[in-house]
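Working notes, beginning with the structure itself.
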Amino acid sequence: MEKIRCAWCGTDELYQKYHDEEWGRLVTDDATMFEFLILESFQAGLSWITILRKRETFRKAFDNFDYKKIAKYNEDKIEELMQDTGIVRNRLKVNASISNAQKFMELQKEFGSFYNYISTFTGGNRIVNTWKVHTEAPATTELSDVISKDLKKRGFKFLGSTVIYSHLQATGIVDDHIESCFVRNTI
């Protein structure tokens, strides 16, 4: 019997693996939270499958998404990244990832972890939506608007409301698996 999935992942094996094993599963560790922030910010204006296909190259190029290392990147490293054809070579996004790593660590100092910061907006609760089809899920919500606005106020870049909502979905803060999706019943 074929598994019922959220239709957005289609039949692409990489997309299905991501859907089945990662998307919507609660993430509380900062390393993974930061990885998704980086990937989601680079995805802005592109398709998620494009980023998934480049994920391993991103991982190598960005020191396994180690925000402590990324926060210290200099011009030489930026130029190295700009020459890497395996990633999205957008100077503004590369610079934003460095700045965001620095701001990420400031949030950690203030809240103990990025997850704790996000929890101040959710009361520590997951938001479980009940969509019949994936197209019912919005691109933004009041929650993503508020978090994005607060992050911008704190100096984060390339983290608009749509990017933040995608991040909330990816990290399982928001569960937008459709009601009939087989994953929904396993998380």
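By the 6.0 Å and 45° rule, Lys54 does not stack over the aromatic ring of Phe58.
Annotation: the span from Leu26 atom CG to Asp175 atom CG amounts to 10.0 Å, rounded to 0.5 Å. Here the NE2 atom belonging to His134 is positioned 9.0 Å from the SG atom belonging to Cys9, to the nearest 0.5 angstrom. A distance of 6.5 Å separates CD1 of Ile164 from CD1 of Ile147, quoted to the nearest 0.5 Å. Annotation: the span from Asn74 atom CG to Glu79 atom CD amounts to 10.0 Å, rounded to 0.5 Å. Interatomic distance, Ile127 CD1 to Leu143 CG, rounded to the nearest 0.5 Å: 4.5 Å. The structure places CG of Asp30 at 9.5 Å from NZ of Lys68, a figure rounded to the nearest 0.5 Å.
The side chain to side chain contact (heavy atoms under 4.5 Å, CB included) with Phe114 is formed by just one residue from the set Leu107, Thr28, Thr171; it is Leu107. When each of Val94, Thr50, Leu37 is tested with Phe42 by the rule side chain to side chain contact (heavy atoms under 4.5 Å, CB included), just one qualifies, namely Val94.
Minimum heavy-atom separation, Arg25 to Asp20: NH2-O, 2.9 Å.
In terms of modelled atom types and a separation under 3.5 Å, the side chain of Glu110 and the main chain of Glu106 share no donor-acceptor contact. Checking side-chain atoms of Ser148 against main-chain N and O of Leu159 turns up a donor-acceptor pair under 3.5 Å. Counting only distance, with no hydrogens or angles, the side chain of Lys69 and the backbone of Asp63 share no donor-acceptor pair below 3.5 Å. No donor-acceptor pair under 3.5 Å is formed between the side chain of Asn129 and the backbone N or O of Trp131. Side-chain N or O atoms of Ser119 include none that pairs as donor or acceptor with a backbone N or O of Thr122 at under 3.5 Å. Remark: the backbone N or O of Arg5 is not paired with any side-chain donor or acceptor of Arg184 at under 3.5 angstrom.
Proximity of the aromatic rings of His177 and His19 is defined here by a centroid distance below 6.0 angstrom, and this criterion is met. Between Phe121 and Tyr117, a ring centre-to-centre spacing shorter than 6.0 Å is recorded.
Looking at heavy atoms from C-beta onward, Tyr115 lies out of side-chain contact with Val27 at the 4.5 angstrom threshold. The closest side-chain heavy-atom distance from Phe182 to Ile4 is not below 4.5 Å. In this structure the side chain of Leu168 reaches within 4.5 angstrom of the side chain of Ile118, judged on heavy atoms. Considering only heavy atoms from C-beta on, Lys77 comes within 4.5 Å of Glu80 through its side chain. In this structure, the side chains of Ile78 and Arg91 come closer than 4.5 Å at one or more pairs of heavy atoms. Looking at heavy atoms from C-beta onward, Gln102 lies out of side-chain contact with Tyr67 at the 4.5 angstrom threshold.
Both Ile87 and Leu14 belong to a common hydrophobic cluster when Ile, Leu, Val, Met, Phe, Trp and Tyr are linked at side-chain heavy-atom distances under 4.5 angstrom.
Partners of Lys17 under the side chain to side chain donor-acceptor pair (under 3.5 Å) rule, at least two apart in sequence or in another chain, are Glu21.
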Next on the checklist: Let's go through Ser144 and Thr141 carefully: what are the C-alpha distance in whole Å and the side-chain angles of both, what is the deciding distance for side chain to side chain contact (heavy atoms under 4.5 Å, CB included) to 0.1 Å, and is it a yes or a no?
Outcome noted: CA-CA 5 Å; Ser144 65; Thr141 62; 3.6 Å; yes
Item to check | side chain to side chain contact (heavy atoms under 4.5 Å, CB included) evaluation trace for Glu35 with Arg59 | outcome: CA-CA 9 Å; Glu35 176 180 350; Arg59 183 172 277 122; 2.6 Å; yes
Item to check | Worked check of salt bridge (Lys or Arg N to Asp or Glu O under 4.0 Å) between Asp150 and Arg154 | outcome: CA-CA 6 Å; Asp150 189 69; Arg154 293 170 181 274; 2.7 Å; yes
Checklist entry - Stepwise, does the salt bridge (Lys or Arg N to Asp or Glu O under 4.0 Å) test hold for Asp66 with Lys72? => result CA-CA 10 Å; Asp66 183 335; Lys72 295 177 183 176; over 6 Å; no
Next on the checklist: Assess the residue pair Thr32 and Asp29 against the criterion (side chain to side chain donor-acceptor pair (under 3.5 Å)); give the C-alpha distance rounded to whole Å, side-chain angles, the decisive distance to 0.1 Å, and a yes or no.
Outcome noted: CA-CA 6 Å; Thr32 306; Asp29 70 281; 2.8 Å; yes
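By the 30° and 60° cut-offs, the orientation of the rings of Trp8 relative to Trp23 is perpendicular. Taking the six-membered ring where the residue is Trp, Tyr18 and Phe36 present tilted rings, their angle falling between 30° and 60°.
Checked for salt-bridge contact, Glu22 and Arg55 meet the test: a charged N lies under 4.0 Å from a carboxylate O.
The stretch residues 135-165 participates, sequence neighbours left out, in no ring-ring contact (aromatic ring centres under 6.0 Å, His included) pair at all.
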